[in-house]
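Written below as structure tokens is the structure these notes are about.
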There are 2 protein chains.
Amino acid sequence: MKMSISSRFSVGIHILTLIEINKDGVSSSEYLAGSVNTNPAVIRKIMGMLKKAGLIKVQPGIAGAELAKDLSDITLLDVYKAVNVVKDNELFSIHENPNPDCTVGRNIQNTIEPLFFSAQGALEKVLENVTIEDVVKDVFEKEKLHVKR
Amino acid sequence: MKMSISSRFSVGIHILTLIEINKDGVSSSEYLAGSVNTNPAVIRKIMGMLKKAGLIKVQPGIAGAELAKDLSDITLLDVYKAVNVVKDNELFSIHENPNPDCTVGRNIQNTIEPLFFSAQGALEKVLENVTIEDVVKDVFEKEKLHVKR
DNA sequence: CAACTTGTAACTACAATGATTACAGGTAAT
DNA sequence: ATTACCTGTAATCATTGTAGTTACAAGTTG
């Protein structure tokens, strides 16, 4: 009775973060899958989306992926859009074909749509203001705390 | 490959708006279904959720529903939560069991979670600032424009 | 050539959605 | 009290997205 936005998004962030932190090593789909804890084919599928969106560089036959842009130039919104978790401007679905013979039926869609866009926009703006660089820094921050214990 | 938040949300808003605009009439599930253009049982199911959340008054055997609160006291966030479209604080799903032997794996969840909460919070805040009263007014506004043409 | 990789397709199990039918149980008017 | 209507709810169904798995073609490197 309840849905969630696909974990492809969080996995996408994980992948990009790990590619950066492992930049001196080789980030193959198997390596990444080992950290995410899933199947390499799942990772390759998501990598394909990230590649298509111009976020990473990967080549058939050649092991490993690299970031295609600067760390600070990749926002979570970029990842969010790349992994196709939500239809463009359709985070909320509006019920189709309301009755045009009813005052509410013939106007509700036009009333609701901008409200939904606004809510969706607020969400996306937050994602736009966080970069993979921020994530990498925070992972290191958390790691320091972890080690101290 | 893409998901949306259930239309139960938009239908819930439609229902509440129509109950208000039709307050001098009887808003039975069949009547409401006629405006939304769906099955009465679907409406009754959503009405059950709205009732459970204290937004409307309905009684078994008695035709029609009424708002249980003042128009201006029902926000879209109330409706959103009432119709159970999203797990609480889980709009985004995070991939489970990342590898604890990897710097990224053991920290990424704690890094990502607050970011997701923040994005979700921004979305909910927008919904919280719109009431059914606003929706009703806008429907009438749109209706006026419609008639003018 | 051999051993590795990426890129995909095909298939699976599972869950949410939205519609539909059916019916138990409540209410009200004649 | 019988009839006619309503709400509440369960069961079923087709469709779709998710996430994992296996398999393999095609590219690359030593």
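Here is the naming used below: chain letters follow the sequence lines, and residue numbers restart at 1 for every chain. None of these values were measured; they are calculated from a predicted model.
Of the candidate nucleotides D:dG20, C:dT20, D:dC6, D:dC6 has the atom nearest to the side chain of B:Ala63. Nearest to the side chain of A:Ser93, among D:dA19, C:dG7, C:dG18, sits C:dG18.
Among pairs with a residue in residues 83-110 of chain A, those fulfilling salt bridge (Lys or Arg N to Asp or Glu O under 4.0 Å) read A:Lys81-A:Asp88, A:Arg106-B:Glu143, at least two apart in sequence or across chains. The stretch residues 2-27 of chain A participates, sequence neighbours left out, in these ring-ring contact (aromatic ring centres under 6.0 Å, His included) pairs: A:Phe9-A:Tyr80, A:Phe9-B:Phe92, A:Phe9-B:Phe116.
Among the protein residues, A:Lys87 comes within range of no part of the nucleic acid, since none of its heavy atoms lies under 4.0 Å from any strand. Residue A:Lys52 is classed as having no contact, given no heavy-atom separation below 4.0 Å to the nucleic acid. As judged by a 4.0 angstrom heavy-atom cut-off over every strand, A:Ala41 is placed among the base-contacting residues.
Separating the CD1 atom in A:Ile56 from the CD1 atom in A:Ile19 is a distance of 5.0 Å, to the nearest 0.5 Å. Of the inter-residue distances, the one linking B:Ser35 atom OG with B:Leu18 atom CG reads 4.5 Å to the nearest 0.5 angstrom.
Between B:Lys51 and D:dG8 there is a side-chain N or O to OP1 or OP2 distance below 4.0 Å. Dashed line: the shortest gap from a side-chain N or O of B:Ser6 to OP1 or OP2 of C:dG18 is under 4.0 Å. Regarding contacts with the backbone of D:dG20, a side-chain N or O of B:His95 is found under 4.0 angstrom from either OP1 or OP2. OP1 or OP2 of D:dA19 has not a single side-chain nitrogen or oxygen of A:Thr38 nearer than 4.0 Å. Residue A:Ser28 places no side-chain N or O under 4.0 Å from the OP1 or OP2 atom of C:dC4. Side-chain nitrogen and oxygen atoms of A:Arg8 include at least one within less than 4.0 Å of the OP1 or OP2 phosphate oxygen of D:dT18.
One interatomic measurement links the two molecules: CG of A:Asn39 to P of C:dC11, which rounds to 18 Å at whole-angstrom precision. Rounded to a whole Å, the CD1 atom of A:Ile56 is 11 Å from the C1' atom of C:dT6. As rounded to whole Å, 9 Å separates atom P of D:dT7 from atom CD of B:Glu30. Look at CG on B:Asn84: it is 17 Å from P on C:dA15, rounded to the nearest Å. Atom CE in B:Met3 sits roughly 11 Å away from atom C1' in C:dA16 (whole-Å rounding). The distance from atom CD1 of A:Ile43 to atom C1' of C:dT8 is 16 Å, rounded to the nearest whole Å. Atom CG of B:Asn97 and atom P of D:dA19 are 14 Å apart (whole Å). As rounded to whole Å, 12 Å separates atom P of D:dG17 from atom CE of A:Met49.
Applying the side-chain hydrogen bond (donor to acceptor under 3.5 Å, both in side chains) rule to A:Asp134 yields the partners A:Thr131; only residues at least two apart in sequence or on another chain are considered. Residues meeting the side chain to side chain contact (heavy atoms under 4.5 Å, CB included) test with A:Asn110, sequence neighbours left out: B:Lys142. Residues that satisfy the ring-ring contact (aromatic ring centres under 6.0 Å, His included) test with A:Tyr31, not counting sequence neighbours, are absent from this structure.
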Review item, nucleotides 27-29 of chain C N/O atoms under 3.5 Å of protein N/O:
none

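For the pair B:Thr38/B:Val11, no side-chain contact is recorded, criterion being any heavy-atom separation below 4.5 Å from C-beta on.
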